[in-house]
Amino acid sequence: MPDRLAGRVAVVTGGASGIGRAITVRLLGEGARVVVGDLAPERADDLVAEHGERLVTQRADVSDEDDVAGLVSTAVEGFGRLDILCNNAGFGGALGPITETSVADFDLTFDVLVRSVFLGIKHATPVLAADGGGAVINTASIAARRAGWAPHLYTAAKAAVLSLTETAALELGALGVRCNAVSPGLIATPLYAGHPDSDADRIEKARQASHERQPLGRVGEPEDIAAAVAFLASDDAEWITGQQLIVDGGITAGPTWDDFPAPYKMVRPIRHHRPPGR
């Protein structure tokens, strides 16, 4: 559906690399014009060269209110409107035991992962509503659903993103604005491989280390998440709001079939004793 988003304008935070870059490419491919906000916008220079006037990049710290407001202003000033906000920017946050986590690291983690979503919704909503409605898509995580997938604060922050998505959807619905979240599973990105600058070899090793745990037999790719975001941004999802779309290859559903307890996989005749006369 190459023209599903034709004429629409999107802001994508963290849109220069990883999942955000895949979202940017997908939205462009479906006809949208995109403003990318990123701490390293130069990572998307090749996309700017390819897509010319349909893509603008801007340095933005998503925990800074002026920077987030500036992305919305750039969309309006450069493209005349705003239809889609993708609150995608993030990082792994504070690591280690709670007893050794500093308040500064706590604050930074929640500023980047939660405050940024609040700021995006705050500043985008008036413009989205004025343009007749639109879509907000927040990047959450399967970590919000089950403890043990990620560090303490990342897990708590992504759970907050889901709650904010739900409560914001109730307010924004009256304005014609839908608000949903996408929760990725294990995705082959540099960050998943252990470092934002991980090279292709390191990412491939991360793929191979995890694919056997996946019911669908592979880890996710950034493009899997981008496809879900494009769907939620489109009219195909016009009656969906306040929801979490889990895109994880089935890993949160349970173990792979190979890991099922053997007795559960055995075919046995079912003995059912009916009462007399039945």
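- Taken from OG in S163 to CD in Q244, the straight-line distance is 10.0 Å, to the nearest 0.5 Å.
- In this structure, D224 contributes its side chain and E221 its backbone to a donor-acceptor pair below 3.5 Å.
- Counting only heavy atoms from C-beta outward, the side chains of L172 and I121 approach each other to under 4.5 Å.
- For the pair C179 and A169, the tightest heavy-atom approach, listed with the atom from each and the gap, is O-CB, 3.7 Å.
- Checked against side-chain hydrogen bond (donor to acceptor under 3.5 Å, both in side chains), R33 has no partners two or more places apart in sequence or in another chain.
- In this structure, A22 and A226 approach most closely via the heavy-atom pair O-CB, 3.3 Å.
- Looking only at side-chain heavy atoms (C-beta outward), I142 and I246 come within less than 4.5 Å of each other.
- Test I137, L232, V229 against I84 for side-chain contact (heavy atoms from CB on, under 4.5 Å) and you get one pass: I137.
- V11 has its side chain within reach of L85: a pair of non-hydrogen atoms, C-beta onward, lies under 4.5 Å apart.
- Here the CG-OG1 distance, from L55 to T24, works out to 7.0 Å after rounding to the nearest 0.5 Å.
- Nearest approach of E30 to A230, heavy atoms of both residues: OE2-CB, 3.6 Å.
- Between the T189 side chain and the G18 main chain, no donor and acceptor come within less than 3.5 Å of each other.
- The backbone N or O of G134 sits nowhere less than 3.5 Å from a side-chain atom of R8 that would complete a donor-acceptor pair.
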### Message
H51 vs V34, test: side chain to side chain contact (heavy atoms under 4.5 Å, CB included). Steps then yes/no.
### Response
CA-CA 10 Å; H51 295 280; V34 182; over 6 Å; no
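- When atom types are taken as modelled, the side chain of D131 and the backbone of L82 share a donor-acceptor pair closer than 3.5 angstrom.
- A donor-acceptor pair under 3.5 Å is absent between the side-chain atoms of T256 and the main chain of P215, judged by distance alone.
- A side-chain contact (heavy atoms from CB on, under 4.5 Å) with V35 is found for one member of T13, T74, T57, V12 and no other, namely T74.
- Taking all atoms of both residues into account, the shortest heavy-atom contact from A143 to T155 is O-CG2, 3.2 Å.
- Using a 4.5 Å heavy-atom threshold, the side chains of V177 and V136 count as touching.
- Expressed to the nearest 0.5 Å, how far CD of E42 lies from OG of S17 amounts to 10.0 Å.
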### Query
Does the pair T139 and V182 meet the rule for a side chain to side chain contact (heavy atoms under 4.5 Å, CB included), with working shown?
CA-CA 5 Å; T139 300; V182 171; 5.6 Å; no
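- Of the residues T241, N138, N87, the one that meets the side chain to side chain donor-acceptor pair (under 3.5 Å) test with T165 is N138.
- Looking at L5 and L27, their side chains come closer than 4.5 Å, going by heavy atoms from C-beta outward.
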### Task
Take F118 and V68 through the side chain to side chain contact (heavy atoms under 4.5 Å, CB included) test and state the conclusion after the steps.
CA-CA 10 Å; F118 155 71; V68 174; over 6 Å; no
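- A distance of 4.0 Å separates CD1 of I23 from CG of N88, quoted to the nearest 0.5 Å.
- Checking each of L162, V161, T167 against L164 for a side-chain contact (heavy atoms from CB on, under 4.5 Å) leaves exactly one that passes, namely T167.
- You'll find the side chain of I251 reaches within 4.5 Å of the side chain of W149, heavy atoms only.
- Residue pairs meeting the ring-ring contact (aromatic ring centres under 6.0 Å, His included) criterion with at least one partner in residues 228-261, sequence neighbours excluded, are W257-F260.
- Judged by distance alone, with hydrogens and angles left aside, the side-chain atoms of T109 form a donor-acceptor pair with the main-chain N or O of A94 at under 3.5 Å.
- Heavy-atom contacts from other residues, nucleotides or ligands closer than 6.0 Å to CD of E171 number 12 or fewer.
- Closest heavy-atom contact between A227 and R26: CB-NH1, 3.4 Å.
- Ionic pairing of D248 and R145 is not present here: no N-O contact between side-chain nitrogen and carboxylate oxygen is shorter than 4.0 angstrom.
- Using a distance-only test at 3.5 Å, with no hydrogens or angles considered, a donor-acceptor pair links the side chain of D67 to the main chain of D61.
- R4 contributes no side-chain N or O that, together with a main-chain N or O of S234, makes up a donor-acceptor pair within less than 3.5 Å.
- The environment of E53 atom CD is sparse: at most 12 non-hydrogen atoms of other residues, nucleotides or ligands sit within 6.0 angstrom.
- Under the 4.5 Å side-chain heavy-atom criterion for ILVMFWY residues, no single connected hydrophobic cluster contains both F110 and L39.
- Side-chain atoms of R178 come within 3.5 Å of backbone atoms of A237 as a donor-acceptor pair (strictly under, hydrogens ignored).
- For the atom pair K158 NZ and L153 CG, the distance stands at 13.0 Å (nearest 0.5 Å).
- For the atom pair I225 CD1 and C86 SG, the distance stands at 12.5 Å (nearest 0.5 Å).
- Scanning all heavy atoms of the two residues, the minimum distance from T101 to P97 falls at OG1-O, 2.8 Å.
- Judged purely by atom type and a 3.5 angstrom limit, R54 uses its side chain to pair as donor or acceptor with the backbone of L28.
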